[in-house]
Asker: 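Just dropping this structure here.
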Amino acid sequence: MSVLVCSDLDRTLIYSAAALGLTVPDAAAPRLLCVELYQGRPLSYLTEPAAADVAALAAAATLVPVTTRTPEQYARVHLTAKPPEYAICANGGHILRDGAPDPDWSAAVRSGLAGSAELAEVHAYLTGVRGEFVTSLRQAAGLFSYAVVDRAALPAGWVEELTGWCAERGWRTSLQGRKVYCLPRSLTKAAAAAEVARRTGARVMLAAGDSLLDQDLLMVADAGIRPAHGELADTGWQAPQVSVTAGSGVAAGEEIARWLLDRALDPGFAPAAGGWRAR
Ligand SMILES: [Mg+2]
């Protein structure tokens, strides 16, 4: 059985110090493996058991990190000792193979975005509505914009108003940690994951993710899991083929790695009729 495992990274498999969400005393806390440095400082972690399960997963299946990070931001993450052959970055805007973006896929995505509001228009709007709670505004991979915000100072209704403005132009928003993303609605993780599934001849697709931007990925997969924290949890989103972890924070990451590994190793695991190809 050829299994494709498409997993989000941040707050699904890997966690910043602020996102660890540990509820045990420090003396009882799990040992953590740092898998990302930023400007020489440790930034992202998973627990040692999760790291072992992710390594086993990469051996048992085709593990594809699927992230909204740009290729440059993704390059800092060393999830496994040997980098996965495929990765999806920029929320589906790039398919990396051995670290290099596939030019055909990148061109196809850009031509598919012809009908949505221009990035410049969205970025200009964001610039116009920014307040002191916005610490920076950025454009990513020439595809979408995001604001880095002080969550505690974020005015009530600001994201909702932005979401409404974006929706009228075929764009959507996602609030994750300190970032508010604005992306074209047609820029999806699911489309890129389906393309990798076709290229690898996968029979089964498993998925994991925590945010609204992972919803389409979880829906295209044969089965998936989301943590008990994050944007999807906040909205109470559920689907029949999507499990939910018992724990949250980095402990949920450990559950997710084990859940994916158990199914990748289970010869009896059968996709729903038609599998990912039918969705
Ligand atoms: Mg995430």
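Counting starts at 1 for both ligands and their atoms, in listed order. From a predicted model like this one, the values you see are computed outputs, not experimental measurements.
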Asker: Step through the shown structure and confirm whether more than 12 heavy atoms of other residues, nucleotides or ligands are within 6.0 Å of CZ on R199.
Answerer: yes

Asker: On the 0 to 90° scale, with breaks at 30° and 60°, tag the Y181-Y146 ring pair as parallel, tilted or perpendicular.
Answerer: tilted

Asker: Could you list the residues that satisfy side chain to side chain contact (heavy atoms under 4.5 Å, CB included) with A28, not counting sequence neighbours?
Answerer: V24, P25

Asker: Just to be sure I understand the site: which N, O or S atoms from the protein are less than 2.8 Å away from the Mg ion (ligand 1)?
Answerer: D8 OD2, D10 O, D210 OD1

Asker: Check whether any side-chain N or O of D150 sits under 3.5 Å from a backbone N or O of F133 as a donor-acceptor pair, and report yes or no.
Answerer: no

Asker: Determine the minimum heavy-atom distance between L260 and A208, stating which atoms define it.
Answerer: CD1-CB, 4.2 Å

Asker: With a 6.0 Å cut-off on ring centres, are Y15 and Y45 close enough?
Answerer: no

